[in-house]
Structures are given as structure tokens and as C-alpha cells.
Amino acid sequence: MNADTPRLRPPRHRVDRRAVWWWTSQSLIITVFLTVVPVVPALIWEPPRAWFLLAAALIGGCGLVITVVMPQWRYRVHRWEATDTAVYTSSGWLWQEWRVAPMSRIQTVDTARGPLQRVFGLSSVTVTTASAAGPIEIAGLDHALATQVADQLTDTTQATPGDAT
Amino acid sequence: MSSPDEHVPLSPTDAPQEPDVSPTTAWQRLHPLSVWAGALVAGVFMVPVAIVGTIALVMVGQPLWAPAPLPATVAFLALTTYLDILRLRAVRYRVTAERMEMRSGIIAKAYRSIPRERVRSVDVAAPVYARIFGLCSVTVGTGEKVGSGSDQLQLLYVTTEQGEWLRRDLLYRGAPSNGGVSSEGAADPDAPVETELARLRPRWFAYAPATTATLGVGLGAIAALLGANAQSGGRGWRWLSEQTGLPNAQEVSSFVMAQALLVLPLALSGLVVSGVVVLTAAAVETWWDYRLTREADGTVRLRRGLLTSVSLSVEGRRLNGVTLHEPFVLRSVGGADVRAVATGLAAADAQKTSAKSRLSPAMPRNEARRLAADLMRTSDSPLDVPLLPHPRAALRRRFTRAGVVTVAGAVSAATLAWLHGLVGAAWWTVVHEAEREIIAVPLATGVVESSPSWVWAVLAVVIAAAAFWYAVGSYRALGHGLHPRYLLVRQGMAVRDTVALERSAVIGWRITRSPFQRRLGLADVAATTAAGKGMYAASDVGLGQGLDWADQAVPGLLEPFLVRDGESGESRS
């Protein structure tokens, strides 16, 4: 490899520390739900009870491991940055993703907060471009900060010429 | 190579009678005959059904009810036609200097309005039942949501002249239209000149059957016959063999087993021939009278179709690139087709979108490349740019996948071999019975019984060879490159797509890495865009290589987020 090989530097800002708890509780809810699914038939049917309980134990075990590992991992990966010219984010844990969108091509900027995010005082900022590849999302920002970022992005977008397509 | 001089300038042969339809600002209605077009279609399908119903009722012994279906159908048709008339009366549309507007709805009123500069494509289609009445449908695509509905505005139906005028006027970006466009005929000398990019050559139809579907279509036809036979509990075949003196199922199957070397190739060629016939017919229907032209204002216009004639216009500025599409079978006979990477061509789902973006039938590869270059209006074709290969690690990833397939193939072959050893067992007769129920001529179980057990080993080896051959092919398909105005990516073994995307149409980057890619130093670097599929990726490119490419393709966008090993990454702030 030559010395000039570029690498991606991580975006400047981390998401809020509380996002770890948000991801943990999210993962825990899904784990509990998926574990209960095989437990129900185990309570009803006598003969295959052991097999259903085994399945429940396997699912529950995997789910717990993910619940412990995933949020910390995500917290290390999830980052964001907004410059005068572009929005830059990184996300994911096993499968990771970096996205860049120039200000001149941004169509809409929204903030959204699900019920679980609200419990932890968090918000997501969604930045939409004209591409069918989907919006860029910065999930797990402090609510006040998210509003501020969205306002700032909206202002910058409006000040930047371009027809967004 | 074709120079621009070779393009035939066409005279305005079919200049529409525009003075009749020029009052742009007035609200207009759909054509009243469109109701009857709809009624005709419904009638053609429903009246025969009603007649069959009457006959069936008589035969079942319910003669009292026999006269019912026909009047009921007529009443139903009358009702739907009446509702259609109401719907039709409620629809008004107009094209003003700034926007196209449409009002519709009887009870729930709807009003939709598209700014004219947002119009990306105009699709004029005339299905055969509308053509009888001289009508056509007009679909206006915008590439973004209009109000609460889809991103399209559809008129069902208007006269052919009106459709032609809408097509011309909506994409016309010249002087603001105040009805003056209509006088273009003689006054404006260069307005109606179009350049022909491609025209159908009948020998291109030879490429139509070059798809994997050829066998499948034939198989489908035969499966439908067998299915019908099974539905009747095998009576169909028995009846046929009694009537015509054909051998019965047992005789046929023993004959097939005895003469397998003769019968199997014959059956296979029968499949191929029926597939060829069906697919060629479909291609003729779709691509008859195919013409691709560029009009004076840069709009690219596609015309095609035998029964359903289609005319699709895409604003030149919105044609952001071209895909050279080469499915495996077509590629191996030296063919390709050309697809548009354009904004405003989106349809209901991905499959329809890709069907709509087709700009040419399957044609010889060289001609497809020439057409693609003409479409992109570059002196040196972006498709001639040599593409950079991806790192060896990408090949290793594909070998790993091929290895997994090989193991899976070997395991299933071993399982089958084990089952083969149990052929004598009791349940085997059950399988026999089941097969005899499903198809009249039991072949599969017979083949299994008569084949020696080493066949399974051969099967495993064939699967392994195919998997590794596929891996090498798909690695060699990978490539990315840069042209002064376009970026290029190529990938795919089953379907090889070479995409040229305008660099100015890139509206962002998305870099994804799986755990395996991180270990091997690879990444998928994708350009996002408003056009076409929305995202075009260089798969399994070396991370540094891919970022370099992205950085050069759109200078300045990725630059602030890159660190180069030569400098200190932390200094920027």
C-alpha cells in the first residue's frame, strides 16, 4: 500500500451516553418477546416441552449476549458531524455504515422521538435527500441538542443553493 | 463508431393538429370515449364468461336460472360504465405556464398540481383497446411525491393528438408556453428536428430468446398441461390415449425409461422451441416499431409496441446515466441491452421501474455500447474507460462463498445417495404412488431407480465446479472507473450491469463494511443519486482504493472526512 492511501476519519461527535440504555432496553424488549414465543406452547403441550424450553433458552441466551455487547459496540461506532458543506455519520456494530450528504442536496430535516427514546430524553434527526437509498439518521441525540442540530441544518440547507436533486 | 453526422434528421412527419388543442390555460376533460374503451374491455372478458355460465347452468339441470348470468352481466357493466361516466365528468386538467393541475373525484374531491419544472418524464401509452378509439393514456412522472399520492399524475384517456401535444408541451423548456408552442410547425425552423439514436432491426429479435427463461417458459407450459391432467385425476390422459390410440401412462413411462437417451434430448429441445416461440412473440409485441430519438430540446423519446404502443419521453437533463445490462445467457451470445439511469422513471415497484427504464431491446453488444455512448452525448464513450480491478481479497471472499456452496452440495448429495440406498424400502412405493397421482407419466422415481449410485458423487463435483467458476466470473466482473463526466461501476455474474452515472448527479456517499470486509480491508463504496435505483455501488473494493475513487469522482465532498496516512489525521479541526 502506498503512503497516500486514504482512510475515513470518524465523525467528530459521539451520540448521547444515554443511547446505550436506549439500545439496551430496546434489545431487552425484543429478547423477552422472542423468548416468550416458544414458552407458550411449552406450557400447553406436555410431550415436546423440553424441546420448546431448549429453543427458548437458546434464543434467550443469544438475545442476552447481544443485549450486553451490542449497545457498547454501537456507542463506540455511532458518531455524527455537520460541517458547512456536508453531513457525515457513522453507524452500525457488526455491519457498519458511513454516510455523507452535501448540504446542497438535502431536501428535508426532521426530528423524531419514539416512546422508548422519550423515556431516555433522546431524539433522532433524519436528513432526507432525493435518493431512494434512504435518509441519513442520527439516532440517540439529547432532545435539546437534536432540535438545535435540526434547526442549524435547516438554516445551512436554506443558505446553500441547489435544487436538491 | 457513429459520428453525430450519421444521425438522420427527421422531418416533422406527424406534426399534430395543434391548433385544435392549443388553449393551454382552459380546463379540459378526458375524452368521453374512454368510458367505452373501459366498458369494451370488461365486456370482452365478462360476456363470454356469462355465456359459459348459462351453458353450465343448463347442463347442471338448473334451466330456471340459466337466463340469469347474461342480464346480470349487462346490468353490472351498465352500472360500472355509469360510475365511470361520473368519474370521467369529475376529472378536469389544465396545463398553464407554470404548472399542470388536475381535479378529480366525485365525493372525495382531489386536486393535484405539479410545477412544470418538476416534470421529469411523460409516458404516453396506447393499449390496443384504447387505440381502437384513437385514445391514449398519459402518465406524468416527477421523481418526487406530489401531495399525498404517488409521484405520478395519470390521465385515462385523452385523444392521441392531445397526448402527443401534452408530451411535447410538458417537457418543452423553451419560452413559457402560452399556447404559442402550437405555432411551432412552420415558424420555428429548428424546433421539430429530432435525431435518431436507434431504430429496430428485425434481426435483433434473434437475441430475444437468449435468456434463462427460455427453458422455464417451455417448462411452465408443460407443467400447466400436467397440472391440468392431475386436476382431473389422470382422466385427461386416459381419455386422450383411448380416443387416439396413444399408449397409456405405464407404457409411456417404460418406453421413456428404455429410450432415455433418445427421449430426453427430444423433450429438452421441445421445451427450448416452445420457450423460443413464446419469448420471441413477447419481444415482437414489446419492441415492434422501436425508435429512440433525441428531440431538439434534448428530450429523449422512446417509441415501441405492436398491440400496446408506448411513447416515453425523458427530459434530457434528467437522464443522468446509462446501464449496459448483460444477463449471462445474452452475454454469452454477445448481446446486451441499454437502460436509463434517470429521475422520474420510478414506477410502483422495483420490477416495473426497471422495465420502464429499458431504452432498447436486446441487441448486439457493440451496437448497445454505441447507443449508450450516443445517449450520454460524449465524444469518448465512458464505457470505453478501462476499469480498475478490485483487490484479490474480493476473490477470496467469493471463493469462501463457493466453498460454502460446495460443502452444502456435497452434504445434500450424500443425503440423496443415502436415500437412494433405501429405494427398496417400504416408503418408496408411497413416493411412487404420489408421483403417479401428480403427473401422468412417472419419470422422476424411475430415473432415480435406474441411475447408479455414483451419479451423486458426480452431482457433488459438478456443483463444486459450478460454484468456483461462478466465483471467478463474478470477481472478474467487478470494476470501477472514472470518466471526465461519468463514474463507472460494474458487477454481476448472473446479470452483469455496467453503470455510467453522471458525476454531477451524485448526491452523497454510503460506505458499508461487513465484519468479513473489515478483516480483508474491503468496503462497498456506493454513490447515492436521485436517479434510477438511487444508489450505485462499487462492491468489495479496497477501502483506500474506493475512497480515492469517490474523492476524485466528486471533488470536495468526501475530502474533509478523509485522513491520508502521509499526514497527521488529527490536525484538522
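No hydrogens, no waters, no symmetry mates; every other heavy atom, side chains included, goes into these values. Letters A, B, ... are given to chains in the order of the sequence lines, protein chains preceding strands, and every chain is numbered from 1.
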>> Just checking His78(A) against Trp23(A), ring centres under 6.0 Å apart?
In response: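 Distance test on ring centres: under 6.0 Å, yes.
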> What part of Val554(B) lies closer than 4.5 angstrom to a heavy atom of chain A: side chain, backbone, both or neither?
Replying inline: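 Neither part.
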> Do the numbers put Arg17(A) on top of the ring of Tyr75(A), so that NZ or CZ is under 6.0 Å from the six-membered ring centre and no more than 45° off the axis?
Replying inline: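 Output yes; distance and angle both within limits.
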> So which of Leu94(A), Thr85(A), Ile136(A) has the largest heavy-atom pair count under 4.5 angstrom toward chain B?
Replying inline: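 So the answer, after comparing Leu94(A), Thr85(A), Ile136(A), is Leu94(A).
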> Would a 4.5 Å heavy-atom cut-off, applied to side chains only, mark Tyr486(B) and Arg503(B) as touching?
Replying inline: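 No, side chains not in contact.
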>> I'd like to check Pro135(A) versus Val127(A) (side-chain heavy atoms, cut-off strictly below 4.5 Å). Are they in contact?
In response: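 No - every pair of side-chain heavy atoms lies 4.5 Å or more apart.
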> Do you know the tightest heavy-atom contact between His480(B) and Ala538(B)?
Replying inline: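 Heavy atoms of His480(B) and Ala538(B) come nearest at CB-CB, 4.2 Å.
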>> Considering only residues two or more places apart or on different chains, which pairs with a residue in residues 507-516 of chain B satisfy side-chain hydrogen bond (donor to acceptor under 3.5 Å, both in side chains)?
In response: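 Sorted result for residues 507-516 of chain B: empty, none.
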>> At under 4.5 Å between heavy atoms, what parts of residues 540-550 of chain B are in contact with chain A? List them by residue number.
In response: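 So far as heavy atoms go, Gly544(B), Leu547(B), Asp548(B) are the residues that approach chain A to under 4.5 Å.
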>> So that I can tick it off, tell me whether Asp142(A) and Arg18(A) are bridged by a salt bridge, with the cut-off set at under 4.0 angstrom between side-chain N and carboxylate O.
In response: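 Between Asp142(A) and Arg18(A) there is a salt bridge, with a charged N closer than 4.0 Å to a carboxylate O.
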>> Which atoms of Thr83(A) are under 4.5 Å from chain B, going by heavy atoms: the side chain, the backbone, both sets, or neither?
In response: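 The answer is the side chain of Thr83(A).
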